[in-house]
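Heads up: the structure comes next, in structure tokens.
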There are 2 protein chains.
Amino acid sequence: MFSKACEYGIRAAVYIALQSLEGRRVSVNEIAEEIDSPIAFTAKILQQLSRNNVIHSVKGPTGGFEIERTDMEAVKLNMVVKAIDGDQIYVGCGLGLKECDAGKPCPLHDKFVDIRTDLRHMLESTSLYELATGLEVGLTYLKR
Amino acid sequence: MFSKACEYGIRAAVYIALQSLEGRRVSVNEIAEEIDSPIAFTAKILQQLSRNNVIHSVKGPTGGFEIERTDMEAVKLNMVVKAIDGDQIYVGCGLGLKECDAGKPCPLHDKFVDIRTDLRHMLESTSLYELATGLEVGLTYLKR
DNA sequence: CAAATAAAGGACAATTTTGTCCGATTAATA
DNA sequence: TATTAATCGGACAAAATTGTCCTTTATTTG
């Protein structure tokens with residue numbers, strides 16, 4: 001469904017959100033440790049998220065990654081996914097046809113649109129804040 | 001969503017079904033031509049489908065691929081997908097965690113299960129016959 | 001200002017997926 | 001039986017994704 005990069009990206013973003021709730025700024029090393037991901041690869045992904053203003057980065061000692069408390073509810077999962085995988089999930093035919101649309105649909109077009117619409121709504125309506133608070137109260141987990 | 005191999009596999013299976021409706025057995029070359037896919041790669045995928053009894057192959061002159069008319073309604077998309085991509089779509093955590101389940105869910109677990117359940121139902125309820133007849137009456141298209 | 005810390009960025013390496021080529025096998029038919 | 005047409009299967013090649021390493025840049029603090 002998601003690429004590995006996107007999986008790491010979402011996990012990282014949620015972890016950063018969780019720590020930002022408590023005012024803590026976190027380093028790549030801590031993030032990779034806590035979400036159990038390859039450090040250098042995770043660093044690359046965080047760069048993409050930072051460049052796309054999904055998260056905020058600060059260089060130097062005491063630096064690291066954070067998400068403004070005020071942004072946290074506004075940042076939805078689809079922004080994370082878009083920053084990493086681009087439009088891939090939203091655009092294009094399920095069977096890989098170049099010219100597939102409502103006017104000249106592939107055999108799976110309608111059914112595929114339904115699934116994808118649900119996915120899009122889910123991603124667009126789920127905020128990092130929501131996911132982070134689920135973690136905070138121990139309803140969900142990020143490791144293993 | 002699907003791998004390239006799976007996209008080609010579904011397109012090929014639907015095309016074979018369509019031709020089988022008219023009693024025609026088709027060659028790899030014709031299939032690849034008609035669904036606009038790389039020939040040799042398509043041949044590999046057809047072998048997988050054949051080995052998994054999704055389609056039937058006949059060697060030698062006048063040989064090719066076909067689907068028994070009686071099977072065609074019983075063969076659902078999920079069988080095609082499983083033959084090529086395995087359980088990938090059904091199994092595993094959306095965020096890539098190893099031990100994610102209802103008891104120890106990742107932050108996206110429930111929402112992800114919903115989407116995937118819809119996808120599974122769609123794949124399990126859609127037959128090659130249904131897709132082939134849509135093509136036959138000109139409602140849908142396989143090329144470009 | 002110097003040292004230390006942390007992200008940024010570029011080059012490279014490993015792995016997986018996608019795709020090709022070619023000889024072996026099977027079966028129809030002249 | 002020889003030829004020909006077709007799939008099967010293995011080895012290889014190319015491209016994309018995943019992952020590593022190392023240098024540079026920015027920033028804090030002694």
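Model, not experiment: these values are computed from the prediction.
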Considering only side-chain heavy atoms of [X], which listed nucleotide, [options], is closest?
X	options	answer
B:T62	C:dA28, C:dT25, D:dT20	C:dA28
B:P61	C:dA27, D:dG19, D:dC8	C:dA27
A:A5	D:dT18, D:dC8, C:dG19	D:dT18
A:A40	D:dC8, D:dC21, D:dG9	D:dC21

With a cut-off of less than 4.0 Å, is there a side-chain N or O of [X] near OP1 or OP2 of [N]?
X	N	value
A:Y8	D:dT18	no
B:S50	D:dC8	yes
B:Q47	D:dT7	no

Open item on the list: I want to confirm an ordering. Mapping B:K59 and B:K4 to their closest nucleotides on DNA chain C, which one lands closer to the 5' end?
Closed with: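 The residue mapped nearer the 5' terminus is B:K4.
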
- [ ] Taking the side chain as every heavy atom from C-beta outward, state whether A:K82 and A:L123 have any pair of such atoms under 4.5 Å apart.
- [x]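 Not touching, per the 4.5 Å side-chain cut-off.
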
Expressed in angstrom and rounded to an integer, what is the separation of [X] atom [atom1] from [N] atom [atom2]?
X	N	atom1	atom2	answer
A:L46	C:dA6	CG	C1'	12 Å
A:E7	D:dT17	CD	C1'	13 Å
B:F41	D:dA15	CZ	P	15 Å
A:I16	C:dA6	CD1	P	15 Å
A:K44	D:dT17	NZ	P	16 Å
B:I45	C:dG19	CD1	C1'	10 Å
A:H56	D:dA26	NE2	P	15 Å
B:E66	D:dT7	CD	C1'	13 Å

Open item on the list: Reading DNA chain D from 5' onward, which residue's closest nucleotide shows up sooner: A:I39 or B:F65?
Closed with: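 Nearest-nucleotide comparison on DNA chain D picks B:F65.
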
TODO: Hey, which sits more toward the 5' end of DNA chain D by its nearest nucleotide, A:T42 or A:G60?
DONE: A:T42

Open item on the list: Distance alone, cut at 3.5 Å: any donor-acceptor contact between the side chains of A:E30 and A:Y15?
Closed with: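 Side chains of A:E30 and A:Y15: pair found under 3.5 Å.
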
Task: Ion pair check, B:R25 and B:E66, cut-off under 4.0 Å - done: yes

Open item on the list: Using modelled atom types and a 3.5 Å cut-off, is there a donor and acceptor pairing between side-chain atoms of A:D101 and backbone atoms of A:G103?
Closed with: yes

TODO: Quick one: sort the B:Y8 and B:F41 rings into parallel, tilted or perpendicular, breaks at 30° and 60°.
DONE: perpendicular

TODO: Under 4.0 Å between any heavy atoms, over every strand shown, what does B:R51 touch: base, sugar-phosphate, or nothing? Just pick one.
DONE: sugar-phosphate

